[in-house]
Asks: 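Take this structure, written in C-alpha cells, and hold onto it; I'll ask about it next.
For the single chain, residues carry numbers from 1 onward in sequence order.
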Amino acid sequence: MADDNSTFIREVNEDLRSDYMKALWKRFRFVLLAVAIGVVAVTAGLRGWEYWKETTAARSGDVFLAALEKARSGNTDAALAEFQELEKTGYGSYPVLAQMRAATVLADKGDAASAIAAFSEIGKDVSQPVAIRDAARLRAAYLLIDHGSYADVSAEVEVLAVPSNPARHSAREALGISAYKAGELKQAAEWFDAIAADRDTPNGIKTRAGLMLDLIAAKGGAS
C-alpha cells in the first residue's frame with residue numbers, strides 16, 4: 001500500500017511539474033526564445049570579431065614583412081610607400097611600427113630632417129607605449145648628433161637620462177657625444193662619468209664612455 005501511495009504521489013508531482021513547465025513556456029516562450037537567439041547572435045558576433053582581428057592583423061603583418069624585405073634588398077622607394085600606406089590602414093601595433101620603419105628608411109635615403117621629424121612625432125605621441133616613444137626619441141637624438149645641436153639632442157632625450165629610466169644609458173651616451181662635438185667638454189665628461197658610475201650600464205656603452213673620457217682628458221677637459 002505504501003508503494004502504491006509513493007507511486008501515486010510521484011506521478012502527481014510529475015504531472016504538476018509538467019503542467020508548471022507548460023505554463024511557464026506558454027507565458028515566457030517569446031522571452032526565452034529572444035534570450036536564446038541573443039546568446040547565439042552574441043557568440044557568433046564575438047567569433048566573427050575575433051576572426052576579423054586575426055585576419056586583419058595577419059594581413060598587416062604580411063604587408064609589414066614584405067616592406068621590410070624590400071627595404072633590406074635596397075628597394076627603398078617601394079618599401080617607404082608600403083610603410084606609409086600601412087601607417088594609414090594597418091591594424092594593431094603595425095601603424096606605429098610602420099611609421100618607425102618609414103623614418104628609418106628616410107634616414108637611410110639621406111633625408112635626415114624628415115626622419116628626425118617622424119621619430120620626434122612618435123616620441124611625443126602619448127597614445128603609444130612608453131617603450132616605443134623612448135625608442136623613437138633615441139633614434140631622433142642619434143640623428144641629431146650629426147644634424148642638430150646639443151640643445152636639440154637634449155630636448156629629445158635628457159628626460160630619459162634619469163636613474164629610473166631603462167633607456168638612460170643610450171640617452172646619456174647621445175648627450176655626451178653631442179656635448180663633445182659641440183666643444184662642451186665639461187658637460188660631455190659629466191654624462192660619460194654618469195655612464196661609468198652606473199653599474200647597470202651595458203658593457204659596450206661603458207667601454208665607449210671610457211674611451212670618450214680618455215679623449216676628453218687628452219684635451220684637458222676631464223673632470
Asks: Around atom CG of Asn203, are there more than 12 heavy atoms of other residues, nucleotides or ligands at under 6.0 Å?
Replies: no

Asks: What about Val159 and Ile195, same hydrophobic cluster or not, with Ile/Leu/Val/Met/Phe/Trp/Tyr joined at side-chain heavy-atom distances under 4.5 Å?
Replies: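 Per the 4.5 Å side-chain linkage, Val159 and Ile195 are co-clustered.
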
Asks: Carefully, step by step, assess Glu121 and Gln99 under the rule side chain to side chain contact (heavy atoms under 4.5 Å, CB included).
Replies: CA-CA 10 Å; Glu121 179 183 348; Gln99 191 177 3; 3.8 Å; yes

Asks: Just wondering, do His169 and Pro202 contact through their side chains at under 4.5 Å, heavy atoms?
Replies: yes

Asks: How close do Met100 and Ala136 get, counting heavy atoms only, and between which atoms?
Replies: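 Smallest interatomic distance, heavy atoms only, reads SD-CB, 3.8 Å.
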
Asks: Using 0.5 Å steps for rounding, measure from the CG atom of Asp108 to the CG atom of Leu80.
Replies: 10.5 Å

Asks: Which atom pair, heavy atoms only, marks the closest approach of Val153 to Leu144?
Replies: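 Closest pair (atom of Val153, atom of Leu144, distance): CG2-CB, 3.7 Å.
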
Asks: Is the closest side-chain heavy-atom distance between Glu87 and Glu82 below 4.5 Å?
Replies: no

Asks: Measure the CZ-CD distance between Arg137 and Glu158 for me, rounded to the nearest 0.5 Å.
Replies: 11.5 Å

Asks: Side-chain heavy atoms nearer than 4.5 Å, only ILVMFWY residues, links allowed to pass through others: does that put Leu211 and Ile216 together?
Replies: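 No, it is not one cluster - the side chains of Leu211 and Ile216 are not joined through contacts under 4.5 Å.
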
Asks: Specify the closest pair of heavy atoms between Leu185 and Tyr180, including all atoms of both residues, with the distance to one decimal.
Replies: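 That closest heavy-atom pairing would be CD2-CD1, 3.7 Å.
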
Asks: If you apply the rule side chain to side chain contact (heavy atoms under 4.5 Å, CB included), what do you find for Val130 with Arg133, and how did you get there?
Replies: CA-CA 5 Å; Val130 172; Arg133 300 205 311 267; 3.8 Å; yes

Asks: Are more than 12 heavy atoms from other residues, nucleotides or ligands located less than 6.0 Å from atom CZ of Arg101?
Replies: no

Asks: Which heavy atom of Tyr150 sits nearest a heavy atom of Ala179, and at what distance?
Replies: CD1-N, 3.5 Å

Asks: In plain terms, say whether Lys70 and Asp77 are close enough for a salt bridge, that is, a side-chain N and a carboxylate O under 4.0 Å apart.
Replies: no

Asks: Nearest 0.5 Å, please: how far is CG in Asp193 from CE in Met212?
Replies: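 Atom-to-atom, Met212:CE and Asp193:CG are 12.0 Å apart.
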
Asks: Side chains of Phe83 and Thr104, heavy atoms from C-beta outward: is any pair under 4.5 Å?
Replies: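 Not touching, per the 4.5 Å side-chain cut-off.
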
Asks: Can any side-chain N or O of Arg172 pair as donor or acceptor with the backbone N or O of Phe192 at less than 3.5 Å?
Replies: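 No; zero donor-acceptor contacts below 3.5 Å.
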
Asks: Per the side chain to side chain contact (heavy atoms under 4.5 Å, CB included) rule, which among Leu175, Asn165, Leu138, Thr201 passes with Ser170?
Replies: Leu138

Asks: Heavy atoms only: give me the nearest Lys124-Glu156 pair and the separation to one decimal.
Replies: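 Minimum heavy-atom contact is NZ-OE2, 3.8 Å.
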
Asks: Between the main-chain N or O of Ile116 and the side-chain N or O of Ser120, is there a donor-acceptor pair closer than 3.5 Å?
Replies: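 The answer is no, because no donor-acceptor pair under 3.5 Å joins these two groups.
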
Asks: Taking the basic N atoms (NZ, or NE/NH1/NH2) and the acidic carboxylate oxygens, is any pair closer than 4.0 Å for Arg168 and Asp198?
Replies: yes

Asks: Nearest 0.5 Å, please: how far is CZ in Phe119 from CG in Leu106?
Replies: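 It comes to 8.5 Å.
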
Asks: Between Ala174 and Ala141, what is the shortest heavy-atom contact and its length?
Replies: CB-CB, 4.3 Å

Asks: With distance as the sole criterion, is a donor-acceptor pair present between the side chains of Asp125 and Ser127 under 3.5 Å?
Replies: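 Judged by distance alone, the side chains do pair up.
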
Asks: Does either side chain, that of Tyr142 or that of Glu173, offer a donor lying less than 3.5 Å from an acceptor on the other one?
Replies: yes

Asks: Tell me, do Ile122 and Arg139 make a side-chain contact under 4.5 Å, heavy atoms counted?
Replies: no

